[in-house]
Amino acid sequence: MTELISKYFPHLSAPQQEQFARLDGLYREWNAKINVISRKDMDNLYLHHVLHSLAIGKAIRFQAGTRVLDFGTGGGFPGIPLAILFPQCQFRLIDGTGKKITVASAVASGIGLQNVEAVQRRGEEETEMFDFVVSRAVMPLPDLVKIVRKNIRRAHHNAWPNGLICLKGGALVEELKPFQRVAEVISLTDFFDEEWFKEEKKLVYIPIQ
């Protein structure tokens with residue numbers, strides 16, 4: 001299924017291709033010990049988790065040196081696929097559940113990622129500063145913004161001002177009300193043509209000053 005990744009990211013280096021290819025075996029191995037991905041989703045790892053995470057890399061190309069916080073990473077999404085895609089950027093993956101961090105850390109180490117650290121930590125406890133916070137539908141946007149606002153540094157050097165980039169699904173009208181003047185919402189069908197992405201899969205970007 002790595003052909004699915006190459007389809008949309010044709011300029012990956014050989015080491016990047018190898019890292020993506022090794023994700024399946026590592027996640028199957030660790031998922032047998034610590035269940036972080038449903039069995040059905042495990043068979044759709046590259047579509048439902050890896051490519052979904054990489055939608056962020058379609059929306060913005062992080063500049064070298066960008067620091068990214070993956071809030072509520074679970075087993076390592078979207079942080080690990082993004083760390084493969086952007087080897088010159090630094091990623092911190094946090095989650096309050098230790099077992100999930102164990103998996104994320106083992107997978108990152110198993111494919112030789114040098115730009116990832118996985119830490120068991122709740123978002124309220126994170127004190128460092130980052131250019132972007134990324135997340136996959138961990139909580140309603142107003143609650144998430146309240147927690148991560150403190151972690152967004154002011155000086156920016158990417159095409160988008162620093163802020164929150166979230167992968168969400170379903171109706172977002174109520175969640176977006178506090179941010180309707182500044183939020184950008186992109187349908188993932190703008191990036192990918194697989195049927196799964198037509199199920200109201202969205203990317204939400206909220207600049208945070």
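Taking CD from E29 and CG from D24, the interatomic distance works out to 11.5 Å, rounded to the nearest 0.5 Å. With rounding to the nearest 0.5 angstrom, the CG atom of L4 is 9.5 Å from the CG atom of L54. Note: L203 CG to I56 CD1 = 6.0 Å, rounded to the nearest 0.5 Å. The CD1 atom of I208 sits 13.5 Å away from atom NE2 of H156, with the distance rounded to the nearest 0.5 Å. Remark: H11 NE2 to Q17 CD distance equals 11.5 Å, nearest 0.5 Å. Taking OG of S105 as the reference point, atom NZ of K100 lies at 16.0 Å (rounded to 0.5 Å).
Salt bridge E128/R67: present, at least one basic N to carboxylate O contact under 4.0 Å. E126 and K150 are not joined by a salt bridge, as no carboxylate oxygen comes within less than 4.0 angstrom of a charged side-chain nitrogen. Salt-bridge check for D131 with R153: passed, with a basic side-chain N closer than 4.0 Å to an acidic carboxylate O. We find that D190 and K201 are not joined by a salt bridge, their nearest charged nitrogen and carboxylate oxygen being 4.0 Å or further apart. Using a 4.0 Å cut-off between charged nitrogen and carboxylate oxygen, K7 and E3 do not count as a salt-bridge pair.
At least one donor-acceptor pair under 3.5 Å links the side chain of Q19 to the backbone N or O of I111. Between the side chain of E184 and the backbone N or O of Y205 there is no donor-acceptor pair closer than 3.5 Å. One N or O on the side chain of E125 and one on the backbone of R122 form a donor-acceptor pair closer than 3.5 Å. In terms of modelled atom types and a separation under 3.5 Å, the side chain of N115 and the main chain of A83 share a donor-acceptor contact. Side-chain atoms of Q120 do not come within 3.5 Å of backbone N or O of T97 as any donor-acceptor pair. In this structure a side-chain-to-backbone donor-acceptor pair under 3.5 Å is present from R22 to G110.
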Walk me through it: do Q16 and S13 pass the test side-chain hydrogen bond (donor to acceptor under 3.5 Å, both in side chains)? CA-CA 5 Å; Q16 286 173 310; S13 67; 3.3 Å; yes
Can you list the steps and then say if D70 with L82 is a side-chain contact (heavy atoms from CB on, under 4.5 Å)? CA-CA 10 Å; D70 180 359; L82 290 173; over 6 Å; no
F132 vs F71, test: ring pair (Phe, Tyr, Trp, His ring centres under 6.0 Å). Steps then yes/no. CA-CA 10 Å; F132 290 94; F71 183 105; over 10 Å; no
Assess the residue pair S135 and L144 against the criterion (side-chain contact (heavy atoms from CB on, under 4.5 Å)); give the C-alpha distance rounded to whole Å, side-chain angles, the decisive distance to 0.1 Å, and a yes or no. CA-CA 9 Å; S135 183; L144 186 52; 4.1 Å; yes
Run the side-chain contact (heavy atoms from CB on, under 4.5 Å) check on E117 and F91 step by step: do they pass? CA-CA 7 Å; E117 59 171 341; F91 292 82; over 6 Å; no
Derivation of the side-chain contact (heavy atoms from CB on, under 4.5 Å) call for I37 and H49: CA-CA 9 Å; I37 299 172; H49 294 282; 3.7 Å; yes
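Annotation for K58: atom NZ counts as buried by contact number, over 12 foreign heavy atoms lying within 6.0 Å. In K33, the NZ atom is crowded: over 12 heavy atoms of neighbouring residues, nucleotides or ligands sit closer than 6.0 Å. Within 6.0 Å of CZ in R61 there are 12 or fewer heavy atoms belonging to other residues, nucleotides or ligands. Counting heavy atoms of neighbouring residues, nucleotides and ligands inside a 6.0 Å radius, atom CD of E199 exceeds 12 of them.
Using a 4.5 Å heavy-atom threshold, the side chains of Y46 and L23 count as touching. F20 places a side-chain heavy atom less than 4.5 Å from the side chain of P81. No side-chain heavy atom of F86 sits under 4.5 Å from any side-chain heavy atom of T66.
Aromatic ring centroids of Y27 and F77 lie under 6.0 Å apart. Aromatic pair F192/Y8: centroids less than 6.0 angstrom apart.
In summary, of the residues considered (V103, I80, V119, I101), a side-chain contact (heavy atoms from CB on, under 4.5 Å) with T73 occurs for I101 alone.
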